[in-house]
Number of protein chains: 2
Amino acid sequence: MEEGSNPFFMQTHSEILQNKGIRPSVQRVRILKFLMHSKEHPTVEMIFNALLPEMPSLSRTTVYNTVELFKEVGLVQVLDFGRGVLRYDGDLSPHSHFECEKCGAVYDLDIKPQEISKKMPRGFKVHQTYFYVFGLCSQCKKNEKN
Amino acid sequence: MEEGSNPFFMQTHSEILQNKGIRPSVQRVRILKFLMHSKEHPTVEMIFNALLPEMPSLSRTTVYNTVELFKEVGLVQVLDFGRGVLRYDGDLSPHSHFECEKCGAVYDLDIKPQEISKKMPRGFKVHQTYFYVFGLCSQCKKNEKN
DNA sequence: TTTAATTTTGTAATGATTACAAATATAAAA
DNA sequence: TTTTATATTTGTAATCATTACAAAATTAAA
Ligand SMILES: [Mn+2]
Ligand SMILES: [Mn+2]
Ligand SMILES: [Zn+2]
Ligand SMILES: [Zn+2]
């Protein structure tokens, strides 16, 4: 991992939480760790299922609460691909997303949505920008042809 | 209305439906008319409430069905601003959207999301692109300062 | 007409998220 | 340490937009 690429370089997950003024409970640390290492942009259900084996008492509600808390302090990005389920991204760097309409996989795109938001009407204040692309991933595109 | 700006120029709403192979029932024509003239990117509930006075027997389910049908034949664009409610746009020209986080109003942006989707991974097929901007509209930004 | 197909309608089911309160864990005070 | 207050987790119930479904109404075909 490059030093410059990670704004939390050299901090433990627990420290990251403390620096945000959040008590680093076992559940929160595990959820943060999972989010920061996952590349699949998991849903609450995916986080829950992944952590359940190591934390049998984990509640879905805790995952919902935690992910909401992380959103508020800016530890995760919430993505809505219009499937009725939200996905969470621990990668806060400016980038965009592609969702395969066939297999549902989500890929990162090296496109900075911020830079796009030029032509805004006078007097508008931009807080967030999201760029979503939908289509077929290379694998599903291949299979399509058969 | 300029000739070039409307792909359905000179067609009645009924004809537009027929050309899509859809039977132009009273409900469908009214819903299409409403969608094509509205600039507010209405939700199903908004469409339903707007048409109820003139069609007291209208069912919410019909609006849901119709809007789904229109989506499938490409008569509307579905927008998801992550508020748990979908919004519908009869304007099919390439453009983006701004939602005010304070008052919930949706504004059109003169930004073509298609053109952004350059750097796609090899072999990916793009079907749809959406660009969403969130923030404060000029009115709400003013009020904010008081 | 009569019959068949389509569309609309109302109600029930679904499912992700949120609300809530009891149980548990942690920190602060004594 | 023990007691007490505060924060967090947990399980269950409520919410609410959307979807499923079947009966009623409308329209087209025979
Ligand atoms: Mn990402
Ligand atoms: Mn629009
Ligand atoms: Zn795929
Ligand atoms: Zn506003």
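In what follows, every chain begins at residue 1, and chains take the letters A, B, ... in the order their sequences are listed.
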Can you identify which nucleotide, out of [options], has its nearest atom closest to the [X] side chain?
X       : options                : result
A:Ser59 : C:dT9, D:dT10, D:dT8   : D:dT10
B:Val85 : C:dT8, D:dT10, D:dA17  : D:dA17
B:Thr61 : D:dA20, C:dT17, C:dT8  : D:dA20
B:Asn65 : D:dA17, D:dT9, C:dT8   : C:dT8
B:Tyr64 : D:dA17, D:dA7, C:dT9   : D:dA17
A:Thr62 : D:dA28, C:dT18, D:dT10 : D:dT10

**Prompt:** Where do B:Tyr88 and B:Leu79 land on the side-chain contact (heavy atoms from CB on, under 4.5 Å) test, with the steps shown first?
**Reply:** CA-CA 6 Å; B:Tyr88 296 86; B:Leu79 303 177; over 6 Å; no

**Asked** Contact class for A:Thr43 (heavy atom, under 4.0 Å): base, sugar-phosphate, or nothing?
**Response** nothing

**Request:** Just call it for A:Arg60: base, sugar-phosphate, or nothing, with non-hydrogen atoms closer than 4.0 Å on any strand.
**Result:** nothing

For [X] and [N], what is the distance between atoms [atom1] and [atom2] respectively, to the nearest whole Å?
X       : N      : atom1 : atom2 : result
A:Gln27 : D:dT9  : CD    : P     : 5 Å
A:Leu52 : D:dT9  : CG    : P     : 15 Å
A:Arg83 : D:dT19 : CZ    : C1'   : 16 Å
A:Phe48 : D:dT10 : CZ    : C1'   : 11 Å
B:Leu79 : D:dA17 : CG    : P     : 18 Å
A:Leu69 : D:dT8  : CG    : C1'   : 11 Å
B:Met55 : D:dA25 : CE    : P     : 16 Å
A:Gln18 : D:dT8  : CD    : P     : 12 Å

**Item:** Whichever of B:Val44 and A:Arg28 has its nearest DNA chain D nucleotide further upstream toward 5'
**Value:**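 This one resolves to A:Arg28.
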
**Request:** Using the closest heavy atom to pick a nucleotide of DNA chain D for each, name whichever of A:Ser57 or B:Arg87 lands nearer the 5' end.
**Result:**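 Going by which nucleotide is closer to the 5' end, it is A:Ser57.
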
**Request:** Ignoring hydrogens and angles, state whether a donor on the side chain of B:His41 or B:Asp91 is under 3.5 Å from an acceptor on the partner side chain.
**Result:**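 Checked: B:His41/B:Asp91 side chains show no N/O donor-acceptor pair below 3.5 Å.
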
**Request:** Provide the closest heavy-atom pair for B:Val133 versus A:Met120 in the form atom of the first, atom of the second, distance.
**Result:** CG1-SD, 4.2 Å

**Prompt:** Using 4.0 Å as the upper bound for N to carboxylate O, is an ion pair formed by A:Glu40 and A:Arg87?
**Reply:**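 No, no charged N to carboxylate O under 4.0 Å.
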
**Message:** So that I can tick it off, tell me whether B:Lys102 and B:Glu144 are bridged by a salt bridge, with the cut-off set at under 4.0 angstrom between side-chain N and carboxylate O.
**Reply:**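 Looking at B:Lys102 together with B:Glu144, the answer is yes, because their closest N to O distance falls below 4.0 Å.
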
